[in-house]
Amino acid sequence: MFAMSLLVANAQNDTTAGQDSTQVETEAQTGAEASPMPVHATKTEADSAYVRNDFAAAVEMYESILKTSGESATIYYNLGNSYYKMGNIAKAVLNYERALLLNPGDGDIRFNLELARSKTVDKVVPTTEMFFITWTNSLINTMSERAWAKAGITAFILMILGLALFIFGKRVIWKKVGFIAAICLFLVTVLTNIFASKQKTELLNHDNAIIMAPSVTVKSTPNQSGTDLFILHEGSRVIIKDNTMKEWKEIKLEDGNAGWVPAHVIEVI
């Protein structure tokens, strides 16, 4: 992943200044005057624009790369860094979220996402969940769907070898080793496939979104005459509960609060 020079500048983040150079500044810098974007931008050209502090041009190039070459965790990550530098926190959060969805085990993406979230107005406290659920989700998010799938295939092959050792082993000790290994590897195969399936579901569902408007009033019903429930600001993450209507979407926060917002104020991760 392209390591952008993103250093934390203020005193509150001094403790993170020694971390990886991918950490972003707490205050956005203004980019140089945007230069014309190449017709077919490359990642190298986009990275060069970023290094020159020409963040507007970098954004255009990274967006172009995503349109022509498809999704990439690296490009989403670099795009998020560029938007952060421009002071567009909502877009930065959105692209960090998309990068993390494709590469959930990347610590740099997660760190920069949390840093960008710290700049948002709304501080939503998730509802309490059982410790083993939190631990399991953290384990699942250490790798992507493809990585878990590969781990499952590897475990399955090793399980077959364990069974072969159990069946064809000449000595009792080797039969025991093969049997125990086969049982353990069978469990690993099942778990890795479950984890891969869960990650794939996350990729396909598209039921999370980011508030893109500076502020929006959440309504009790899908119309402007509905009762005002609460206000959300740009950069807040929401869960889409009802996606059937075109003009309005029912959303839910991690703390359990729910309501309706106009469809145009959110962008799906």
Side-chain angles (χ1 to χ4, degrees), residues 1 3-29 50 55 59 62 73-129 133-134 137-138 140-142 144 202-203 205-216 218 230-241 249 251-259 261 265-269:
M1 181 175 291
M4 298 178 173
S5 181
L6 307 171
L7 301 177
V8 180
N10 64 18
Q12 291 180 341
N13 288 311
D14 282 345
T15 55
T16 62
Q19 296 187 35
D20 192 90
S21 63
T22 51
Q23 298 171 359
V24 293
E25 292 179 349
T26 50
E27 297 301 331
Q29 302 175 353
Y50 181 93
F55 305 123
V59 163
Y62 288 132
T74 300
I75 301 301
Y76 277 133
Y77 173 72
N78 292 348
L79 182 58
N81 288 338
S82 300
Y83 273 121
Y84 186 95
K85 290 285 192 173
M86 294 175 68
N88 192 332
I89 300 302
K91 284 285 190 180
V93 170
L94 175 66
N95 285 284
Y96 286 145
E97 289 277 13
R98 287 173 173 172
L100 196 64
L101 194 61
L102 295 174
N103 190 7
D106 191 293
D108 292 334
I109 298 173
R110 195 172 295 278
F111 177 87
N112 285 5
L113 173 59
E114 291 304 317
L115 191 58
R117 280 177 176 170
S118 71
K119 297 292 185 180
T120 59
V121 175
D122 304 313
K123 309 301 178 186
V124 180
V125 180
T127 54
T128 305
E129 59 185 10
I133 296 178
T134 302
N137 288 333
S138 297
I140 294 173
N141 287 331
T142 56
S144 66
E202 288 287 330
L203 284 171
N205 275 354
H206 297 292
D207 57 359
N208 292 289
I210 301 297
I211 300 291
M212 304 306 293
S215 65
V216 59
V218 181
F230 52 91
I231 296 176
L232 289 176
H233 300 82
E234 61 180 346
S236 295
R237 178 186 173 118
V238 299
I239 302 166
I240 301 175
K241 289 182 62 182
K249 304 296 179 185
I251 56 97
K252 179 181 178 181
L253 301 181
E254 290 181 317
D255 61 5
N257 288 321
V261 296
V265 304
I266 63 174
E267 190 165 344
V268 175
I269 296 173

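Put simply, the side chain of Arg110 gets close to the backbone of Pro104: a donor and an acceptor are under 3.5 Å apart. The backbone N or O of Val125 sits nowhere less than 3.5 Å from a side-chain atom of Asp255 that would complete a donor-acceptor pair. Without hydrogens or angle criteria, Asn103 side chain to Ala99 main chain gives no donor-acceptor distance under 3.5 Å.
With a 4.5 Å cut-off on side-chain heavy atoms, Leu102 and Tyr76 count as touching. When side chains are defined from C-beta on, Asn208 does not count as touching Leu101, because their heavy atoms never get closer than 4.5 Å. Taking the side chain as every heavy atom from C-beta outward, Asn95 and Tyr62 never approach each other to under 4.5 Å. Between Ile239 and Ile251, every side-chain heavy-atom pair lies at or beyond the 4.5 Å cut-off. Side-chain contact between Asp106 and Tyr77: absent, with no pair of heavy atoms (C-beta onward) separated by less than 4.5 Å. Taking the side chain as every heavy atom from C-beta outward, Arg117 and Tyr96 never approach each other to under 4.5 Å. Contact check for Arg237 versus Thr120: no side-chain heavy atoms found under the 4.5 Å cut-off. The shortest side-chain heavy-atom distance between Val121 and Leu232 does not fall under the 4.5 Å cut-off.
In this structure, the separation between CD1 on Ile89 and OG on Ser118 is 8.0 Å, given to the nearest 0.5 Å. Between Ile211 atom CD1 and Ile231 atom CD1 the span is 12.0 Å, to the nearest 0.5 Å. In this structure, CG on Asn88 lies 7.0 Å from CD on Glu234, to the nearest 0.5 angstrom. Between the CD atom in Glu254 and the OG atom in Ser236 there is a gap of 10.5 Å [rounded to 0.5 Å]. Atom CG of Leu100 and atom CD1 of Ile269 lie 9.5 Å apart (nearest 0.5 Å). To the nearest 0.5 Å, the span separating CD1 on Ile109 from CD on Glu97 amounts to 11.0 Å.
Looking at residues two or more places apart in sequence or on another chain, you find a side chain to side chain contact (heavy atoms under 4.5 Å, CB included) between His206 and Val268. Asp207 is linked by a side chain to side chain donor-acceptor pair (under 3.5 Å) to nothing, counting only residues two or more places apart in sequence or in another chain.
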Exercise for the section: List the steps and the verdict of side chain to side chain contact (heavy atoms under 4.5 Å, CB included) for Val261 and Val238. Expected result: CA-CA 11 Å; Val261 296; Val238 299; over 6 Å; no

Handout entry: side chain to side chain contact (heavy atoms under 4.5 Å, CB included) between Leu94 and Tyr83, intermediate numbers included
Key = CA-CA 10 Å; Leu94 175 66; Tyr83 273 121; over 6 Å; no

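The shortest heavy-atom contact between Ala90 and Gly235 is CB-N, 3.8 Å.
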